[in-house]
Amino acid sequence: MTQITNDPKLTAKVLNTGGVVGLPTETVYGLAARVDNAVAISRVYAIKERPVHHPLIVHAYDIGQCCDWGFMSDAAQTLANTYWPGPLTLLVKRTNRISDQITGGRDTVALRVPNHPIALEVLQGLSVPVVAPSANKFGRVSPTTAHHVLTDLADEVDLILDGGACVIGLESTILDCTTREVQVLRPGFLAAADITLATGIAITPPSGPSRAAGMLEHHYAPLCRVELFETRDQAFEALSLLKLKGTTGEILDYGTDLAAYAHDIYDDLRQCDIKKIKVALCVLPPPIGIGVAIRDRLGKAASSEG
Ligand code: TXA
Ligand code: MG
C-alpha cells in the first residue's frame, strides 16, 4: 500500500533514492522524479500511460537552478522574476544538460518554480530539479488532493506527499518564450492580459505547429459525458430532457466565483464519476481571468475527439 506522508524530508529521500512520488503544488498534484534519473522518469511515463514523446515540465527550487537546464531569455527572466514561485511555466531553449527523455527530443524545455511551501522544501533537499507532469492517467482529470492521486495511481507510486487541497486547482499557464513574441500555449490562473499589464511583455495566441500536448482536443476528461452551457437556464432545460430519457445528470454551476470554480471543478467531476452520473452539465464561467482557462479545460473535457 502506497504511503501518504506530510514529511518533506522523507519525500526528498525517496526521490534521491530513485523513487517516484506524488507531489503537491499550488495548481495540481504532480508525479515527480529526479531529472537525472532515467529509470524513474521511464516509470513516470509508464504510470501515467503517457506517450513517450510528450515532454515533461521541470520543477526547480529557484531561478538560479533553472539556468542549468534552460537558457532564460530576457523575457523569461522578467516573467520568472515577477511570478516565481507561482503558477507559470516558461518554455525556453534547453541546455545540453537536460535529456531528450524529458524534452521529447525538442530543443526546448518547460520550467517552473511551484509556489507550495512543502514542495519547495522537498526541492531544496535535492541537488537537481524534478520532472512533474500532473499525477493522473494520460487524458484524464488532474488530481487536486493527495486522495485523488491515491485513487488514480494507487500502488504504482512509491510515496504521496500530502500538502492539502491545491489552492488554485487548475494547471499552470504555459508561455513560450522561444518565439519572437511570447505566446500562450496553455491558459491558466495567470491571464495573458494581466501578465502584460504587470510586465509590459506582449503576449500573443499560439501560432505554428502545436507544441504542448495539453493542446490536444480531448483531455482533462472524467468518465461521464461533459456538456457545456452558457446559462444556468439552458443547463436546467437540458437536465429536464435527460431525465425524460431516464439518464442521470448533474449541474455544475459556480455562479460568478471563478476561484471556487477553478478550485472545485476537478473534484466535482470526479464526484460525478463516483456517483455514476452519466452527464455533467457545466455552466461556463465568463471568459475573463481564470475563466479563460476553465473554459479551455472544460472544452477539452467535453470534446469527443480522441
Ligand atoms: O500546473 C502544472 O503545470 C502541473 C503541475 C504538476 O506543475 N503540471 C502539468 O504537467 O500540468 P502536464 O505534463 O500535465 O502538462 C504539461 C504540458 C504538457 O501538455 C506538455 O506537453 C507541455 O506542458 N510541455 C512540457 N514540456 C514541453 C516542451 N519542451 N515543449 C512543448 N510543450 C511542453
Ligand atoms: Mg496533465
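Note: hydrogens, waters and symmetry copies are ignored here, and every other heavy atom, side chains too, is used. Start at 1 with the first residue, then count along the sequence. Order of listing sets the numbers, starting from 1, for every ligand and every atom in it.
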Main-chain N/O of [Y] paired to [X] side chain as donor or acceptor, under 3.5 Å:
X: Thr95; Y: Trp69; value: yes
X: Thr248; Y: Lys278; value: yes
X: Thr2; Y: Leu159; value: no

Contacting atoms of ligand 1, where contact means under 4.0 angstrom from a heavy atom of [X]:
X: Gly30; value: 6 (C)
X: Leu91; value: 27 (C), 28 (C), 29 (N), 30 (N), 31 (C)
X: Ile174; value: 17 (C), 23 (O)
X: His59; value: 5 (C), 6 (C), 7 (O)
X: Arg106; value: 30 (N), 31 (C)
X: Thr108; value: 28 (C), 29 (N), 30 (N)
X: Ser172; value: 1 (O), 2 (C), 3 (O)
X: Pro133; value: 10 (O), 12 (P), 13 (O)

Considering [options] one by one, which has a heavy atom nearer to [atom] than any of the others?
atom: atom 15 (O) of ligand 1; options: His116, Arg186, Glu171, Glu26; answer: Arg186
atom: atom 4 (C) of ligand 1; options: Asp107, Val28, Val131; answer: Val28
atom: atom 27 (C) of ligand 1; options: Gly169, Ala32, Pro55; answer: Pro55

Non-hydrogen atom of [X] closer than 4.0 Å to ligand 1:
X: His54; value: no
X: Arg94; value: no
X: Pro114; value: no

key: Close aromatic pair by centroid cut-off 6.0 Å: His219 and Phe138   =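 Yes, the ring of His219 comes within the 6.0 Å limit of the ring of Phe138, centre to centre.
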inquiry  = For Asp233 and Thr231, which I'm curious about, is there any donor-acceptor pair between the side chains at under 3.5 Å?
reply    =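 Short answer, no.
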key: Steps toward salt bridge (Lys or Arg N to Asp or Glu O under 4.0 Å) verdict (Lys48, Glu156)   = CA-CA 10 Å; Lys48 272 189 70 76; Glu156 298 175 86; over 6 Å; no
Identify whether the distance between the nearest side-chain nitrogen and carboxylate oxygen of [X] and [Y] falls below 4.0 Å.
X: Arg34; Y: Asp36; value: yes
X: Glu250; Y: Lys275; value: yes
X: Arg232; Y: Asp253; value: yes

Got an N/O contact under 3.5 Å between [X] and ligand 1?
X: Lys48; answer: no
X: Arg112; answer: yes
X: Thr25; answer: no

message = I need the protein N, O or S atoms closer than 2.8 Å to the Mg ion (ligand 2), given as residue plus atom name.
response =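 Protein N, O or S atoms closer than 2.8 Å to the Mg ion (ligand 2): Ser134 OG.
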ask   = Just wondering, do Leu79 and Leu88 contact through their side chains at under 4.5 Å, heavy atoms?
value =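 In contact.
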task = If a pair satisfies salt bridge (charged side-chain N to carboxylate O under 4.0 Å, His left out) and one of its residues is in residues 52-66, list it, with sequence neighbours excluded.
result =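 The answer is none; no pair qualifies.
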message = Would you compute the distance between atom SG of Cys67 and atom CZ of Arg97 and round it to the nearest 0.5 angstrom?
response =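 So the SG of Cys67 and the CZ of Arg97 are separated by 12.0 Å.
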ask   = Can you list the steps and then say if Arg112 with Glu26 is a salt bridge (Lys or Arg N to Asp or Glu O under 4.0 Å)?
value = CA-CA 12 Å; Arg112 152 164 147 80; Glu26 78 280 35; 3.1 Å; yes
For Glu49, the option from Arg140, Lys137, Arg43 that meets salt bridge (charged side-chain N to carboxylate O under 4.0 Å, His left out) =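 Of the listed residues Arg140, Lys137, Arg43, the salt bridge (charged side-chain N to carboxylate O under 4.0 Å, His left out) partner of Glu49 is Lys137.
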